Amino acid sequence: MNIFATTERLILRTLLPTDIEGLFALDSDPEVHRYLGNKPTTTKEAAGAAIEFIRKQYLDNGIGRWAVIDKHTNDFIGWAGLKLVKEETNKHIDYYDLGYRLRKEYWGKGIATEAAKACLSYAFDTLNARVVYAIADCENTGSDKVLKKSGLRFIETFDLDGTPHHWYRIGKDEFMQG
Ligand SMILES: CC(C)(COP(=O)(O)OP(=O)(O)OC[C@H]1O[C@@H](n2cnc3c(N)ncnc32)[C@H](O)[C@@H]1OP(=O)(O)O)[C@@H](O)C(=O)NCCC(=O)NCCS
């Protein structure tokens, strides 16, 4: 298991097969999936498959979303991190996407922003990325706020599978200027 970052309240580490209960609790919640296409997970098998899918990305791409763990209780809060996007999205391809998904009981405490900032540090300092992008459903006000608080800039609205989404970006220069 690798720990990639620690922050004031969080540990960001490799997603493990043993995170299945936590991931199932996260992804079976309809409210969590409200702006993610409204298709919550219904089986633990699906949660296990999602973990394997991300662990394969670690091997194939050298990066993938990480587990977000409560530093003090060791509780599984959710996931956050970078994904190498290999399918064309809003006319971009082969770029790092910043994302996060937290269990509801942890919302509204600044945790997504704390995790997102640590992920951006890793992108620019360790992966030496030139730019990171992120997308959010236009109605996902919480996610919009997280992205802006983390230093990303709103660029435009685009259509993602029939739903309008916001497209955000942050360059390494902007991140360094902080
Ligand atoms: C979006 C999400 C990650 C935000 O996590 P969080 O830890 O609560 O975020 P933060 O506390 O860092 O910041 C959220 C901000 O948005 C605000 N906010 C949250 N939900 C909101 C809503 N429905 N309407 C308006 N503001 C909202 C919070 O009050 C907070 O505002 P503040 O900066 O003024 O304090 C979390 O709600 C989540 O996991 N949602 C489900 C998955 C998801 O949508 N992921 C993002 C996909 S793009």
Side-chain angles (χ1 to χ4, degrees), residues 4-13 15 19-42 46-47 50-51 53-54 57 63-85 87 89-90 92 95-123 131-170 175 178:
F4 295 97
T6 51
T7 65
E8 198 185 329
R9 293 176 288 178
L10 312 170
I11 293 171
L12 302 185
R13 63 146 170 82
L15 202 56
D19 293 322
I20 187 164
E21 299 291 337
L23 196 75
F24 182 65
L26 173 72
D27 275 329
S28 57
D29 183 341
E31 279 192 60
V32 168
H33 278 260
R34 180 165 174 199
Y35 300 113
L36 310 175
N38 279 314
K39 289 191 205 82
T41 301
T42 51
I51 291 173
F53 187 69
I54 290 175
Q57 292 176 355
I63 192 73
R65 314 290 199 199
W66 299 324
V68 178
I69 303 298
D70 185 317
K71 205 177 186 177
H72 301 292
T73 63
N74 220 26
D75 199 16
F76 179 89
I77 295 175
W79 58 252
L82 304 159
K83 176 183 173 185
L84 181 67
V85 176
E87 317 80 40
T89 307
N90 195 25
H92 291 69
Y95 68 87
Y96 292 118
D97 166 87
L98 172 68
Y100 34 72
R101 191 178 299 177
L102 311 182
R103 288 168 62 179
K104 207 166 43 205
E105 53 266 47
Y106 287 95
W107 293 2
K109 303 175 197 291
I111 288 178
T113 305
E114 191 171 319
K117 287 179 176 170
C119 296
L120 290 175
S121 293
Y122 188 88
V131 59
V132 171
Y133 295 101
I135 62 179
D137 184 303
C138 287
E139 293 184 6
N140 196 346
T141 314
S143 187
D144 267 341
K145 281 195 156 191
V146 170
L147 294 172
K148 285 183 188 144
K149 285 192 289 180
S150 304
L152 285 90
R153 255 184 317 120
F154 168 72
I155 304 294
E156 61 192 348
T157 299
F158 74 106
D159 179 273
L160 183 71
D161 303 329
T163 307
H165 277 67
H166 288 160
W167 177 260
Y168 283 85
R169 123 188 249 289
I170 182 169
F175 178 76

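Read the numbers this way: they start at 1 and go in the same order the structure lists the ligands and their atoms. All of these numbers come straight from a predicted model, not from anything done at the bench.
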Which atoms of ligand 1 sit under 4.0 Å from any heavy atom of [X]?
| X | answer |
| --- | --- |
| Lys109 | 11 (O) |
| Asn140 | 43 (C), 44 (O), 46 (C), 47 (C) |
| Ala136 | 48 (S) |
| Arg101 | 39 (O), 42 (C) |
| Lys145 | 15 (C), 16 (O), 17 (C), 31 (O), 32 (P), 34 (O) |

message = Just checking Asn74: does its CG atom have more than 12 heavy atoms from other residues, nucleotides or ligands closer to it than 6.0 angstrom?
response =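 No.
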
ask   = Is a salt bridge present between Arg13 and Asp19, judged by a nitrogen-to-oxygen distance below 4.0 Å?
value =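 A salt bridge links Arg13 with Asp19.
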
Counting both backbone and side chain atoms, is some N or O of [X] under 3.5 Å from an N or O of ligand 1?
| X | result |
| --- | --- |
| Glu31 | no |
| Thr113 | yes |
| Val146 | no |
| Leu36 | no |
| Leu102 | yes |
| Ser143 | no |

message = For Tyr100, state whether at least one heavy atom is located under 4.0 Å from any atom of ligand 1.
response =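 Per 4.0 Å heavy-atom rule, Tyr100 contacts ligand 1.
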
query = Out of curiosity, is Ile135 lining ligand 1, as in a heavy atom under 4.0 Å away?
reply =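 Under 4.0 Å: yes for Ile135.
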
request  = Report the C-alpha separation of Trp167 and Tyr95 in whole Å, then their side-chain angles, then the decisive distance to 0.1 Å, and conclude whether the ring-ring contact (aromatic ring centres under 6.0 Å, His included) test is met.
outcome  = CA-CA 13 Å; Trp167 177 260; Tyr95 68 87; 5.6 Å; yes

Quick one: closest heavy-atom pair of [X] and [Y], and the distance?
| X | Y | result |
| --- | --- | --- |
| Tyr168 | Lys148 | OH-CE, 3.6 Å |
| Ala5 | Ala118 | CB-CB, 4.2 Å |
| Trp79 | Leu26 | CD1-CD2, 3.9 Å |
| Phe24 | Ser28 | O-OG, 2.6 Å |

Would you mind checking which non-hydrogen protein atom is closest to [atom], with the distance to 0.1 Å?
| atom | result |
| --- | --- |
| atom 24 (N) of ligand 1 | Thr141 CB, 3.6 Å |
| atom 41 (C) of ligand 1 | Val32 O, 3.4 Å |
| atom 5 (O) of ligand 1 | Ala112 CB, 3.2 Å |
| atom 35 (O) of ligand 1 | Lys149 NZ, 3.9 Å |
| atom 40 (N) of ligand 1 | Trp107 CZ2, 3.4 Å |

request  = Walk me through it: do Asp70 and Arg103 pass the test salt bridge (charged side-chain N to carboxylate O under 4.0 Å, His left out)?
outcome  = CA-CA 12 Å; Asp70 185 317; Arg103 288 168 62 179; over 6 Å; no

request  = Check whether any protein heavy atom sits under 4.0 Å from atom 12 (O) of ligand 1.
outcome  =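 Yes, at least one protein heavy atom sits under 4.0 Å from atom 12 (O) of ligand 1.
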
ask   = Would Tyr133 and Asn90 count as having a side-chain donor-acceptor pair, cut-off 3.5 Å?
value =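 Looking only at side-chain atoms, Asn90 and Tyr133 do not form any donor-acceptor pair under 3.5 Å.
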
inquiry  = Using only atom types and a distance under 3.5 Å, with no angle test, would you say the side chain of Glu114 pairs donor to acceptor with the backbone of Thr7?
reply    =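 Answer holds: no.
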
key: Nearest-0.5 Å distance that lies between atom CD1 in Ile77 and atom CD1 in Ile111   =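 Result: 4.5 Å between the selected atoms.
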
query = Which one of Gly110, Gly108, Gly78, Gly142 has a non-hydrogen atom at the shortest distance from atom 27 (C) of ligand 1?
reply =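 Heavy atom nearest to atom 27 (C) of ligand 1 belongs to Gly142.
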
ask   = Given Asp27 and Arg101, is the salt bridge (charged side-chain N to carboxylate O under 4.0 Å, His left out) satisfied, shown in steps?
value = CA-CA 9 Å; Asp27 275 329; Arg101 191 178 299 177; 2.8 Å; yes

